[in-house]
Peer 1: 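Just dropping this structure here.
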Amino acid sequence: MNSNLNWIAALPELALLASACVVLLIDLLVPDRKRDYTFWHAQLALFITLCCVASNWVMPSTLALNGLYVHDTMSSVLKIAILLGTSAIFAYSRAHLVSRDIFTGEFYVLALFAVLGMMVMVSGANLLVLYVGLELQALCLYAIVAMNRDSAQSSEAAMKYFILGALASGLLLYGFSMIYGATGSLDIAAVYKAANSASVNKTFLVLGVVFTVSAVAFKLGAVPYHMWVPDVYQGASTPATLLVASVPKLAAFAFTLRILVQGLQSTVNDWQMMIVLIAGLSMVVGNLTAIMQTNFKRMLAYSAIANMGFMLLGFAAGSVEGYASSMFYVIAYMVMTLASFGAILLLSRAGFEAEQLNDLKGLNRRHPGFAAILLITLFSLSGIPSTVGFISKFVVIEALITSKLVWLAVLAVLASLVGAYYYLRAVKLIYFDAPDDATAIQPERGPYLLLCANALLIIVWGVFPQWLISLCTKAMSLS
């Protein structure tokens, strides 16, 4: 890698920062009746940033800004996924925000700054840079969760999220201080070299790893640091939940990989066992608890806990194939999450939130298209063949078997079988139960077509996954 003061590597972040500031100014100038301008300018900001990421794709891997920032294939792929996912979130959420009278510029500005934090997390090559990106993302998400000030549930969810998030940030900083004390550097490349030297203080380094892994598990919502996930998913408005549940997982994956794999690979025997324990507990606790839920959003929250456990199995494998499988899994999970929460958003209307599982009763009679979309999404989440959910689970299990962790692969399969129960229960409500309300559903045309494309992507990647798997493998090989 080249190491120099190369601002071109950070061009997407600079473009997004400038665009977000412009969106903020535009929102101050337009009257409420023209709030659509803010929405379209936010989408334009994402498009401009996407073009900058695409233009940087042909650049060789670069360690820029005096070693603080990295541009590589992994960062480009994840940034594109984050930007496209955020654009879909804006499209799904627009009508919901309008009907609840919370269609304000704050949602879009805060979301754009949260995306900026995610992009910094993806490309950070220094522990403090990674921390700044993490906190920028987190502070914006806290505010978005609390944005519906008329809802006591949202306020409570935001308070829990903020307090527990602050605790996790403290753990992370303490872990970083231990790593700095052991290695004498905050640059990930220098940490890697120092950690492999014979003179490093192993005690301080391992303590740093323990605190860092604990904080990372909180950000992913993995057991035993998962207590905030169901409350935030259920209490926040559905647009806020969709934002929290989807694209930040990509940034958290990159954050974990930069620190544990690129910086602390020499301590793999220490953090690998922690990852195995966290992943196993997340799959078991997440799937078993989801069975008891009657709230659809809360069920998806426990499903997210289980899925993050499954994603961490790739790190437990400790190989390039394992890391590539985790990257593929987290991208696939984002697509499935967009479809599931997007359907909830489009099924809701003023005075009615489609959040209970019973709200799905007889959906096939009211709108066969929505029923088919949810069928595809739920099948994918449960790991039914011909969907991207099946392929993503398969490549993770394959990596575990290759790494001789057969018992963990068996546990993953058994956990998936348990998880299939509550997904198929929702399918049963959709197709075999009589609806409580037989009124026909008339979704807005644009978001509905996007949701159809979202569901189609789940099938396409399930049938033709090889190009994305190859791209993830290439990204891990070059990182």
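Values in this document were obtained by computation on a predicted structure and should not be read as measured data. Counting from 1, the numbers follow the sequence of the chain as shown.
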Peer 1: For the backbone of Phe218 and the side chain of His226, can you confirm whether one donor and one acceptor N or O come within less than 3.5 Å of each other?
Peer 2: no
Peer 1: Quick check: closest heavy atoms across Met119 and Pro12, and the distance to 0.1 Å?
Peer 2: CE-CB, 3.7 Å
Peer 1: If every non-hydrogen atom of Ala316 is compared with every non-hydrogen atom of Ile275, which pair is closest and at what distance?
Peer 2: N-CG2, 3.8 Å
Peer 1: Answer with yes or no whether the side chains of Tyr161 and Asp231 bring together a donor and an acceptor at under 3.5 Å.
Peer 2: no
Peer 1: On a heavy-atom basis, which atom in Leu338 and which in Ala88 lie closest, and how many Å separate them?
Peer 2: CD1-CB, 4.3 Å
Peer 1: Measure the spacing between CG of Leu260 and OG1 of Thr212 and express it to the nearest 0.5 Å.
Peer 2: 7.5 Å
Peer 1: Please enumerate all residues that pass side-chain hydrogen bond (donor to acceptor under 3.5 Å, both in side chains) together with Glu106, with sequence neighbours excluded.
Peer 2: Thr104
Peer 1: Apply ring-ring contact (aromatic ring centres under 6.0 Å, His included) to Phe315 and Phe253, showing your working.
Peer 2: CA-CA 10 Å; Phe315 287 90; Phe253 163 80; 5.7 Å; yes
Peer 1: Looking only at side chains, do Lys249 and Thr337 share a donor and an acceptor under 3.5 Å apart?
Peer 2: no
Peer 1: Short question: side chain of Ser470, backbone of Gln466 - any donor-acceptor pair under 3.5 Å?
Peer 2: yes
Peer 1: Do side-chain atoms of Ser319 reach the backbone of Gly322 as a donor and acceptor pair under 3.5 angstrom?
Peer 2: yes
Peer 1: Would you check if Leu242 and Ile344 make a side-chain contact, meaning some heavy-atom pair closer than 4.5 Å?
Peer 2: no
Peer 1: I want to check something: taking the side chain as every heavy atom from C-beta on, are Met308 and Ser282 in contact at a cut-off of under 4.5 Å?
Peer 2: no
Peer 1: Could you tell me whether the side chain of Leu164 reaches within less than 4.5 Å of the side chain of Met227, counting heavy atoms only?
Peer 2: yes
Peer 1: Distance only, no hydrogens: is a donor on one side chain within 3.5 Å (strictly under) of an acceptor on the other, for Ser76 and Asp72?
Peer 2: no
Peer 1: Is the number of heavy atoms from other residues, nucleotides or ligands under 6.0 Å of Lys193 NZ greater than 12?
Peer 2: no
Peer 1: Does a donor on one side chain and an acceptor on the other come within less than 3.5 Å for Asp27 and Thr38?
Peer 2: yes
Peer 1: For Met59, is the CE atom crowded, meaning more than 12 foreign heavy atoms sit under 6.0 Å from it?
Peer 2: yes
Peer 1: Could you state the interatomic distance from CE (Met311) to CG (Leu250), rounded to the nearest 0.5 Å?
Peer 2: 9.0 Å
Peer 1: What are the two closest heavy atoms between Gln137 and Ala114, and how far apart are they?
Peer 2: CB-O, 3.9 Å
Peer 1: Could you check whether any side-chain heavy atom of Glu321 comes within less than 4.5 Å of a side-chain heavy atom of Thr473, counting everything from C-beta outward?
Peer 2: no
Peer 1: Output yes when a side-chain donor or acceptor of Ser185 lies under 3.5 Å from a complementary backbone atom of Asp187, and no otherwise.
Peer 2: yes
Peer 1: Just do the side chain to side chain contact (heavy atoms under 4.5 Å, CB included) check on Val223 and Val284 with the steps written out, would you?
Peer 2: CA-CA 9 Å; Val223 175; Val284 173; over 6 Å; no
Peer 1: Could you give me the CA-CA distance, side-chain angles and deciding distance for Lys202 and Thr267, then say whether side-chain hydrogen bond (donor to acceptor under 3.5 Å, both in side chains) is met?
Peer 2: CA-CA 9 Å; Lys202 283 290 184 182; Thr267 62; over 6 Å; no
Peer 1: Provide the closest heavy-atom pair for Ala252 versus Leu220 in the form atom of the first, atom of the second, distance.
Peer 2: CB-CD2, 3.4 Å
Peer 1: With heavy-atom distances below 4.5 Å as the criterion, would you say the side chains of Met327 and Val77 are in contact?
Peer 2: yes
Peer 1: Is the NZ or CZ atom of Lys393 both under 6.0 Å from the centre of the six-membered ring of Phe310 and within 45° of that ring's axis?
Peer 2: yes
Peer 1: Between the side chains of Tyr423 and Ser303, does any donor sit under 3.5 Å from an acceptor?
Peer 2: yes
Peer 1: Are there more than 12 heavy atoms of other residues, nucleotides or ligands under 6.0 Å from atom CH2 of Trp57?
Peer 2: yes
Peer 1: Any side-chain heavy atom of His96 within less than 4.5 Å of one from Phe103?
Peer 2: no
Peer 1: Considering only heavy atoms from C-beta outward, does the side chain of Lys160 approach that of Trp228 to under 4.5 Å?
Peer 2: no
Peer 1: Say whether, by atom type as modelled, one donor and one acceptor occur between the side chain of Ser93 and the main chain of Pro239 under 3.5 angstrom.
Peer 2: no
Peer 1: So does Leu405 get a backbone contact from the side chain of Ser403, meaning a donor-acceptor N/O pair under 3.5 Å?
Peer 2: no
Peer 1: If we ignore hydrogens and angles and just use 3.5 Å, is the side chain of Gln43 paired with the main-chain N or O of Phe39 as donor and acceptor?
Peer 2: no
Peer 1: To the nearest 0.5 Å, what is the distance between CD1 on Ile179 and CG on Asn201?
Peer 2: 12.5 Å
Peer 1: Side chain of Thr387, backbone of Gly462: donor and acceptor closer than 3.5 Å?
Peer 2: no
Peer 1: Are Arg258 and Ser75 packed together at the side-chain level, in the sense that at least one heavy-atom pair is separated by less than 4.5 angstrom?
Peer 2: yes
Peer 1: Test side chain to side chain contact (heavy atoms under 4.5 Å, CB included) on Val120 and Tyr69; report intermediate values, then the result.
Peer 2: CA-CA 8 Å; Val120 172; Tyr69 219 65; 4.0 Å; yes
Peer 1: Could you give the distance from CD1 (Ile331) to SG (Cys472), rounded to the nearest 0.5 Å?
Peer 2: 4.5 Å
Peer 1: Given Tyr92 and Leu451, is the side chain to side chain contact (heavy atoms under 4.5 Å, CB included) satisfied, shown in steps?
Peer 2: CA-CA 8 Å; Tyr92 289 145; Leu451 189 62; 3.6 Å; yes
Peer 1: I'd like to know if the side chain of Ser169 pairs up with that of Glu135 as donor and acceptor (distance under 3.5 Å, no hydrogens or angles considered).
Peer 2: yes
Peer 1: Determine whether the aromatic ring centres of Tyr108 and Phe90 lie less than 6.0 Å apart.
Peer 2: yes
Peer 1: What distance do Ile469 atom CD1 and Lys474 atom NZ have between them, rounded to the nearest 0.5 Å?
Peer 2: 16.0 Å
Peer 1: Got a donor-acceptor contact below 3.5 angstrom from the Asn287 side chain to the Ala415 backbone?
Peer 2: yes
Peer 1: Do the side-chain N and O atoms of Tyr333 and Ser392 include a donor-acceptor pair separated by under 3.5 angstrom?
Peer 2: no
Peer 1: To the closest 0.5 Å, what do you measure between OG1 (Thr49) and CG (Leu16)?
Peer 2: 4.0 Å
Peer 1: If every non-hydrogen atom of Ala236 is compared with every non-hydrogen atom of Val145, which pair is closest and at what distance?
Peer 2: CB-CG1, 3.8 Å
Peer 1: Just say parallel, tilted or perpendicular for the rings of Tyr142 and Phe162, cut-offs at 30° and 60°.
Peer 2: perpendicular
Peer 1: Given 3.5 Å as the limit, does a donor-acceptor pair link the side chain of Ser55 with the main chain of Cys52, or not?
Peer 2: yes
Peer 1: Checking Ile188 against Leu127 for the side chain to side chain contact (heavy atoms under 4.5 Å, CB included) test, could you report, in this order, the C-alpha distance in whole Å, the side-chain angles of both residues, the deciding distance, and whether it holds?
Peer 2: CA-CA 7 Å; Ile188 288 176; Leu127 296 182; 4.3 Å; yes
